[in-house]
Amino acid sequence: MEEFHKVRRLPQYVFEQVNRLKASARAAGADIIDLGMGNPDLPTPKAIVDKLCEVVQDPRTHRYSSSKGIPGLRRAQAAYYARRFGVKLNPDTQVVATLGSKEGFANMAQAITAPGDVILCPNPTYPIHAFGFLMAGGVIRSMNVEPDDSFFGPLERAVRHSIPKPLALIINYPSNPTAHVASLDFYKDVIAFAKKHELIVLSDLAYSEIYFDDNNPPPSVLEVPGAIDVAVEFTSMSKTFSMPGWRMGFAVGNERLIAALTRVKSYLDYGAFTPIQVAATHALNGDGSDIAEVRNVYRRRRDVMVDTFGKAGFEVPPPAATMFAWAKIPEKFRHLGSLEFSKLLVEKADIAVAPGIGFGEMGDDYVRLALVENEHRIRQAARNLKRFLSSADETMHNVVSLNAHR
Ligand SMILES: Cc1ncc(COP(=O)(O)O)c(C=O)c1O
């Protein structure tokens, strides 16, 4: 029987294949060090949890909540933008709360896409950037770009040669998976380009607070004067406050786009559970000390990973932001592709990573390492890697002869 139209556009997550292997290795007793999924392991700060527990006692909070977010929450998000980026937002018309930024992004795609609309999307990238639009009937034009001057040649070509003319450009800096960070000057050029070519700009700023150079926090695209004419930006509480399971994020920016998303959401959901919204408000209005601590933990893990993996013979460029390192597969293994290499790491080194191909075809020479295990476990992973790499010739010989017999 033929697969449903929508389901055909949603192939099995590549990551699932590594996950299955990981699960069976664990079932067989292996101690797998999981650097695969970007699922924060740190607890949500106590004050936020306490607020949830307090508010949930009030039965009035058990009713349907507000789809676009309770007013106090939207005001807190506007205050965060004012404080952190110097960007003034109207909490009534330029801010909407979402059930995690992933939901917000996907429903924005539903809200604005007509069948066949062309979307300019980074590759490699976080999967919802492409699949949100594919589900909505859009067409993706992939761009393997970095946030510097080299971005604009491919962008010009994409705009010139796409039929119909592209509707929107997706940007995601700090980037998952590449960890590239954009400057405000880069954003100025993006906005000027978008205005010239009447492109919508959708900026995913999920890692706004996970950065390691204290003097260089990632900017918001909305800091560019006039950006609000064409841009919407998505932020997330998942990483900033270690709240991934709470499902709380935001879209802010252009009123017409925010209204479109708000309308779609009003048909789909009643908003997050009110105690979650109140606790999230409390988090956003906090003094930022929790965020600084989260940053320090990831920074220390990054430093341990870069150092110990490097010494083990696996070069890991230090990411300037995000909770990921994006590392090229060692030369000897590169021809295997990232999925086979990732499977080999589970089987031979007890390490799970995310294969680069899961972020798009242009990521296949890489794997993504998430900083979600503690320093001790990262050191253990490095020891496993060293053992694995020192027997690389033998391993490759076995892989080659295994393939020959298949
Ligand atoms: C770039 C990026 N955007 C969005 C998300 C989704 O975050 P949320 O938990 O807010 O849906 C993630 C999560 O890993 C991400 O890496």
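We count ligands from 1, going down the list as the structure has it; atoms in each ligand are counted the same way. In this chain, numbering begins with 1 at the start of the sequence shown.
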Single hit among Leu42, Asp41, Asn374 for side chain to side chain contact (heavy atoms under 4.5 Å, CB included) with Val297: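 So the option named by the test is Leu42.
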Could you point out which residue of Asn172, Val232, Leu261, Ile170 forms a side chain to side chain contact (heavy atoms under 4.5 Å, CB included) with Phe105?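 Output: one option passes, namely Ile170.
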Determine the interplanar angle of the Phe152 and Phe193 rings, folded into 0 to 90°, and report it as parallel if under 30°, tilted if 30 to 60°, perpendicular if over 60°. tilted
Run the contact test for [X] against ligand 1 with a 4.0 Å cut-off on heavy atoms, strictly below, and give the result.
X	value
Lys239	yes
Tyr207	yes
Gly249	no

Row check, Phe324 ring normal vs Arg368 NZ/CZ: under 6.0 Å, within 45°: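 Relative to the ring axis of Phe324, which defines the angle, Arg368 lies inside both limits.
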Quick check with a 6.0 Å cut-off and a 45 degree axis cone: is Arg295 positioned over the face of Tyr211's six-membered ring?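 Because its charged atom sits under 6.0 Å from the ring centre and within 45° of the axis, Arg295 does stack over Tyr211.
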Minimum heavy-atom separation for Glu373 and Ile32, please, with both atom names. OE2-O, 4.2 Å
[atom] - nearest protein heavy atom and its distance:
atom	result
atom 7 (O) of ligand 1	Ser101 OG, 3.2 Å
atom 12 (C) of ligand 1	Tyr126 CZ, 3.4 Å
atom 2 (C) of ligand 1	Asp204 OD2, 3.3 Å

Under the side chain to side chain donor-acceptor pair (under 3.5 Å) rule, what do Asn296 and Arg299 come out as? Steps first, then yes or no, please. CA-CA 5 Å; Asn296 284 336; Arg299 184 191 285 116; 2.6 Å; yes
Check for a donor-acceptor pair, side chain of Arg302 on one end and backbone N or O of Pro319 on the other, with a separation under 3.5 Å. yes
For the pair Glu233 (side chain) and Val221 (backbone), establish whether a donor and an acceptor sit closer than 3.5 Å, ignoring hydrogens and angles.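 Flag set: sc Glu233 to bb Val221 pair under 3.5 Å.
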Side chain or backbone, does [X] bring an N or O within less than 3.5 Å of an N or O on ligand 1?
X	answer
Asn176	yes
His129	no
Asn172	no

Heavy atoms only, cut-off 4.0 Å: how does [X] contact ligand 1, side chain, backbone, both, or neither?
X	answer
Arg247	side chain
Met237	neither
Ser238	side chain

Relative to the heavy atoms of Gly100, which atoms of ligand 1 are at a distance of less than 4.0 Å?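 What qualifies from ligand 1 is 10 (O), 11 (O).
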